[in-house]
2 protein chains.
Amino acid sequence: MDKYDCLKLDNQLCFPLYVCSKEIVRKYKPFLDELDITYTQYITLMALWDKGALSVKELGKQLYLDSGTLTPLLKTLEAKGYVTRTRAKDDERNLIVSLTDEGLALREKALAIPAKMGACLKIDPADAADLYRILHTLMAAI
Amino acid sequence: MDKYDCLKLDNQLCFPLYVCSKEIVRKYKPFLDELDITYTQYITLMALWDKGALSVKELGKQLYLDSGTLTPLLKTLEAKGYVTRTRAKDDERNLIVSLTDEGLALREKALAIPAKMGACLKIDPADAADLYRILHTLMAAI
DNA sequence: ATTAATTTGATTGTGTACAATTCGATTGTA
DNA sequence: TACAATCGAATTGTACACAATCAAATTAAT
């Protein structure tokens, strides 16, 4: 009840958000290890699986990541043989990231992951729906 | 409506969690820059402001961080003059992190931050309450 | 056409994060 | 009292994450 209450960890909204994000990403790790990819590589592949091919700029916009993060990450995915990186013919400033056959095949192995995560998270479905709505509202506001 | 729907970014709960966490931490940056600290250093100081002094182990438990993250971070805070690191007399395995006068004084400057963040986040109070409850439920389940 | 402004990725530097290992200190047990 | 097991930090290695800067390509304006 003193003037410092607003600086207590317990009264922060950002802190549990930060912790939950980290801890859930960590929960993914054993499942992603089986595919030899990291969480950030996983969401990158999700975007590509959905859209087929995207420029680095488009990827950055969808994933909320900048080129300083994406460039080395995409080179890693290229080295693993999951994507190719080629300049667009019409505008060589655009670098197009496309899935290889191997990258596409990885999608089949990834199919099992959401169910496995759901099993070890045990969140109430109504809470999950609320959380989804609130987070998307927040994302739109930022 | 195909079998790959569960791998779409839009159907993930973890992804918006991950994005919101990152983006909100970024929102803090200009305010924390004024105090010459990072977000992780900020929550570390929050724990210390509240408790006075803590061992590295206790800090790690409260912040959900391990020694690989905390050790360099605490050395940075020590170099800035905000904390001291001294071994406990009774058990020299324990490293006690304490606030210096400067570290304590920083609390006054930090007092303005929560209000500034609240102003630029514009989240519905009812949503904030729901979010707080759901995230804490999640944290407890992990 | 020449130049200026913009766009796009790549690079560099700082700071997390965490797994795995190491090392010194302590505790439990024979 | 040895000495094995445990504990708490520190260290090492890999991988983000982003600000700031740079460089090449394109577009716009004169």
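Each chain gets a letter, A, B and so on, in the order the sequences are listed, and its residues count up from 1.
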Parallel, tilted or perpendicular, judged at 30° and 60°: which one describes the rings of Y39(A) and Y18(B)? perpendicular
Same cluster or not: L63(B) versus I96(B), using hydrophobic residues (I, L, V, M, F, W, Y) connected whenever any side-chain heavy atoms lie under 4.5 Å apart? no
Interface limits on DNA chain D, where chain B has a heavy atom under 4.0 Å of a nucleotide atom: dC7(D) to dA19(D)
Taking DNA chain D as the partner, which of residues 74-90 of chain A come within under 4.0 angstrom of it by heavy atom? none
How is L70(A) classified with respect to the nucleic acid when contacts are heavy atoms under 4.0 Å: base, sugar-phosphate, or nothing? nothing
If you count heavy atoms of other groups shown closer than 6.0 angstrom to NZ of K116(A), is the number above 12? yes
Non-hydrogen side-chain atoms of T40(B) and V25(B) separated by less than 4.5 Å: no
Just to be sure I understand the rule, does S67(A) reach a base, reach only the sugar-phosphate, or reach nothing, if contact means heavy atoms closer than 4.0 Å? base
State which residue, out of L45(A), T44(A), I43(A), fulfils the side-chain contact (heavy atoms from CB on, under 4.5 Å) condition with I37(A). L45(A)
Can R93(B) and D91(B) be counted as an ion pair, charged N to O under 4.0 angstrom? yes
Taken to the nearest whole Å, NZ/K22(B) to P/dA17(C) is 12 Å
Closest-nucleotide ordering on DNA chain C, the 5'-leading residue of G68(A) and R93(A): R93(A)
By the 4.0 Å heavy-atom rule, please label L73(B) as base, sugar-phosphate, or nothing. sugar-phosphate
Between P of dT22(C) and CG of D66(B), the distance in whole Å: 17 Å
Categorize D91(A) for me: base, sugar-phosphate, or nothing, with a 4.0 angstrom heavy-atom threshold over every strand shown. sugar-phosphate
Atom NZ of K27(A) to atom C1' of dA17(C): distance rounded to whole Å? 17 Å
Under 3.5 Å, is there a donor-acceptor pair between the Y4(A) and E108(B) side chains? yes
Using a 4.0 Å heavy-atom cut-off, does T69(B) contact any base of the nucleic acid, only the sugar-phosphate backbone, or nothing at all? base
Between atom CG in N94(A) and atom P in dA10(C), what is the gap in whole Å? 11 Å
Which whole-number value in Å describes the distance from Y42(B) OH to dT16(C) C1'? 18 Å
All N/O donor-acceptor pairs, side-chain side in residues 99-106 of chain A, below 3.5 Å, sequence neighbours left out:
from, atom 1, to, atom 2, distance (Å)
T100(A), OG1, G81(A), O, 2.6
T100(A), OG1, Y82(A), O, 3.2
T100(A), OG1, E102(A), N, 3.4
T100(A), OG1, G103(A), N, 3.0

Assert: residue with more 5' nearest nucleotide on DNA chain D, out of T38(A) and K29(B), is T38(A)
Without decimals, in angstroms, what is the distance between Y18(B) OH and dT16(C) C1'? 13 Å
Could you tell me how far apart E58(A) (CD) and dT8(C) (P) are, to the nearest whole angstrom? 10 Å
Could K75(A) and E78(A) be called an ion pair, given the rule that one side-chain N must be under 4.0 Å from one carboxylate O? no
